[in-house]
Every structure is written in C-alpha cells, then in structure tokens.
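The next block holds one structure in the form of structure tokens; read it before the comments.
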Amino acid sequence: MSGPWDDWDHVLKVDPDKDLPNGVTFEDVCTSGTDAIEIGGTTGMTEEKMQAVVDACNAYDIPLYQEPSNPAVVIEEEGLDGYLIPSVFNAGDPFWVTGAHKEWARIDDVDWDRTWTEAYIVLNPDASVAAYTEADCDLTPGEVTGYAAVADRLFGQEIVYVEYSGMLGDTEMVQAAADGVDDATLLYGGGIHDYDSAYTMAGHADVVVVGDLLHDEGIEAVEETVRGAKDAHAAE
Ligand SMILES: CC(C)=CCC/C(C)=C/CC/C(C)=C/CC/C(C)=C/COP(=O)(O)OP(=O)(O)O
Ligand SMILES: O=P(O)(O)OC[C@@H](O)CO
Ligand SMILES: [Mg+2]
C-alpha cells in the first residue's frame, strides 16, 4: 500500500490551541517548504479552533490533514486532504487504541475514503499525550521494534509514528522502530529544533514532524528543519 506520505520528508504540525509568533502568517506556514500540514494537539482542542486553522491554510496548495485527539473535534471539511487518526499502540487504556474509534464509528458519519490511521508509539512520559493515554513509555528498543512490526505487518498500518512530543528522542529508539517497519512510513516527532536535529532524526525516520518550534521560534527555524530533513534524505 502506498500513500502520499511515502514521498514526504517533513510535516509541520500546527497546534490550533497555540498562536503563531508575532509577524508569522499562515502564508508563511504553508510556504515553508514542508510537505504537509497536520492540525492537532492533545489539550485545548475544539472544533472552532480546528476550523480556524483549516480556513487559514485552505487558500494554499499544501496537503492538509486533521489529526483529531478525540471524536468530538473532528470537522467535516472538503478542504482537508483527509483525517489521520492516532491509535496509541502502547496506551495503558484500550480506549486510545480502538475504543474512541469504536465510539466515533458508532456515532458519526465517518468519511472512510479520506480516513487513515497512525500507529503511535508514545515515548516521552512527560508529554501530555503520554498522560492522557496512560502510555507505557518504559520500553526497550526491542519492544519498540516489536510494536512497529506488529503495527506494520500484523495490523497493516501505513504510518508508524514514534512520538517524543516536547523532547528530542533517543535515536536508538527511532532506529528500533525503523528496524521493525517494512512497508509502513515511519514518522518521528519530538523536540526537533534546528537543522542538525532534523538531519539526525531524518537519518532514522522517513518523515520528521515539527510542532512546538513553529509556535515558539517562528518560521525561519522551521525552514531550517525542512532543509535538514531533505538534505538527510538526499544524502541516502
Ligand atoms: C477516534 C478519534 C477520532 C480520535 C481518537 C484519537 C486518539 C486515539 C488520540 C489519542 C492520542 C492523541 C491525543 C493524539 C493527538 C496527536 C498528538 C500526539 C498531538 C501532540 O500533542 P502534544 O504536543 O503532546 O500536546 P499539547 O501540545 O496539547 O501539549
Ligand atoms: O512539538 P514537538 O516536540 O516538535 O513534537 C512534534 C509532534 O510529534 C507532536 O505530536
Ligand atoms: Mg504540542
């Protein structure tokens, strides 16, 4: 199976609960050189905030995906390329593996043709997503390889996502996930803040995801990470 993410090197994750820094516009965000925009975050999500970011990005020619943290914030929107729905493989509560999804499918009119999953492995215990999902972040590299292999080969996941939101992760863990993945596209996110950290993580993952940097530092810093990810893959 293949999806547009096969060709991505870099994704910018826009948190609708956070402002853009002074002077940064959504035009800057959409023309930063990133391959796609994901709209999402764990805390403070509402449909209105999600919609505002979609509306602001829709004028630009950039793949746009919503990444909802719960069914209540999913917006019906033609301007989206689709919905990337997390399933947290190392969650402590099965609600975050398949339970929320079951409720969503039961209650909502899901647009299945534009909906895909992301098999998350959450590894920063201090991130809000780890607390929210009661994730078991105390994994060995072998266990990370195991989760990645199970996600890809048993559950047919197209995207495996190593998530260190808020901190730069351990490259050994990212490589461990890469070792378990066959067909799936491996996303890495967490703490990427400059050219070198993007270059390093793109050496282990297919796609690097940059989040907080946009809101904390601005667009030039993001553009550096785009260059880092693309240079790493061009050098392979
Ligand atoms: C079934 C549907 C439609 C939704 C459920 C989807 C699931 C399982 C969500 C659980 C995991 C989750 C909260 C994913 C959101 C994406 C994510 C990890 C965003 C990063 O959030 P942080 O950066 O840690 O959060 P803050 O920036 O809000 O602190
Ligand atoms: O905000 P940062 O630490 O860049 O993390 C990006 C992303 O993986 C969050 O889901
Ligand atoms: Mg965040």
Side-chain angles (χ1 to χ4, degrees), residues 10-19 34 36-47 49-50 53 65-76 80 82-112 114-135 137 151 157 159-169 173-174 177 186-194 197-198 201 205 207-217 221-222 224-226 228-229:
H10 187 284
V11 166
L12 190 52
K13 192 176 285 192
V14 177
D15 186 333
D17 193 39
K18 292 179 184 155
D19 292 327
T34 192
I37 291 174
E38 265 191 307
I39 307 168
T42 302
T43 54
M45 294 302 119
T46 64
E47 283 181 277
K49 290 181 202 168
M50 290 280 193
V53 177
Y65 290 83
Q66 191 187 9
E67 189 190 49
S69 55
N70 69 73
V73 301
V74 177
I75 54 172
E76 267 180 59
L80 286 169
Y83 304 88
L84 295 176
I85 311 297
S87 171
V88 179
F89 272 47
N90 61 329
D93 181 339
F95 186 77
W96 301 112
V97 190
T98 54
H101 315 70
K102 173 259 292 173
E103 286 304 303
W104 187 40
R106 187 172 72 85
I107 292 163
D108 282 1
D109 191 11
V110 175
D111 185 353
W112 295 113
R114 289 194 299 155
T115 298
W116 296 270
T117 47
E118 299 169 305
Y120 264 80
I121 307 168
V122 170
L123 291 174
N124 174 9
D126 297 326
S128 43
V129 64
Y132 196 66
T133 64
E134 299 166 56
C137 301
Q157 296 292 291
I159 297 172
V160 174
Y161 192 136
V162 172
E163 171 66 291
Y164 273 96
S165 180
M167 71 173 280
L168 192 63
M173 292 300 205
V174 188
L186 180 63
L187 272 59
Y188 167 81
I192 292 178
H193 58 279
D194 59 7
S197 50
M201 288 306 181
V207 181
V208 300
V209 184
V210 169
D212 288 349
L213 189 70
L214 168 66
H215 301 283
D216 295 344
E217 297 295 334
V222 169
E224 253 189 65
T225 67
V226 173

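Values below: every heavy atom of this structure, side chains too, minus hydrogens, waters and symmetry copies. In listed order, ligands and their atoms are each counted from 1.
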Could you pull out the N/O contacts under 3.5 angstrom between ligand 1 and the surrounding protein atoms?
| from | atom 1 | to | atom 2 | distance (Å) |
| --- | --- | --- | --- | --- |
| ligand 1 | 21 (O) | T42 | N | 3.3 |
| ligand 1 | 21 (O) | T42 | OG1 | 2.7 |
| ligand 1 | 23 (O) | S165 | OG | 2.9 |
| ligand 1 | 24 (O) | S165 | OG | 3.0 |
| ligand 1 | 25 (O) | T42 | N | 3.3 |
| ligand 1 | 25 (O) | T42 | OG1 | 3.2 |
| ligand 1 | 25 (O) | S128 | OG | 3.1 |
| ligand 1 | 27 (O) | D15 | OD2 | 3.2 |
| ligand 1 | 27 (O) | K18 | NZ | 3.3 |
| ligand 1 | 28 (O) | T42 | N | 3.1 |
| ligand 1 | 28 (O) | T43 | N | 2.9 |
| ligand 1 | 28 (O) | T43 | OG1 | 2.8 |
| ligand 1 | 29 (O) | S128 | OG | 2.7 |

Nearest to [atom], what protein heavy atom do you find, and at what distance?
atom: atom 7 (C) of ligand 2; result: Y161 OH, 3.3 Å
atom: atom 1 (O) of ligand 2; result: D212 N, 2.8 Å
atom: atom 9 (C) of ligand 2; result: E163 OE2, 3.4 Å
atom: atom 4 (O) of ligand 2; result: G211 N, 2.9 Å

query = Without hydrogens or angle criteria, can the side chains of S87 and E118 be said to hold a donor-acceptor pair below 3.5 Å?
reply = no

task = Please report the shortest heavy-atom distance between Y188 and A205, naming the atom on each side.
result =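 Shortest heavy-atom separation between Y188 and A205 comes out as CB-CB, 3.6 Å.
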
I'd like to know if the side chain of [X] reaches the main chain of [Y], judged simply by a donor and an acceptor atom lying under 3.5 Å from each other, with no hydrogens or angles considered.
X: H10; Y: A229; answer: no
X: H193; Y: V222; answer: no
X: R114; Y: L80; answer: yes
X: Q66; Y: I75; answer: yes
X: D93; Y: T133; answer: no

Under 4.0 Å from any heavy atom of [X], which atoms of ligand 2 are there?
X: G191; value: 2 (P), 3 (O), 4 (O)
X: S165; value: 3 (O), 5 (O), 9 (C)
X: G189; value: 8 (O)

ask   = In terms of side-chain geometry, is the basic nitrogen of K18 or D216 positioned less than 4.0 Å from the acidic oxygen of its partner?
value = no

inquiry  = Can you confirm if the aromatic rings of W96 and Y120 lie within a centre distance of less than 6.0 Å?
reply    =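 Ring centroids of Y120 and W96 are no less than 6.0 Å from each other.
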
ask   = With sequence neighbours excluded, what pairs up with D17 under the salt bridge (charged side-chain N to carboxylate O under 4.0 Å, His left out) test?
value = K49

key: Sub-3.5 Å N/O-N/O distance, M167 and ligand 2   = no

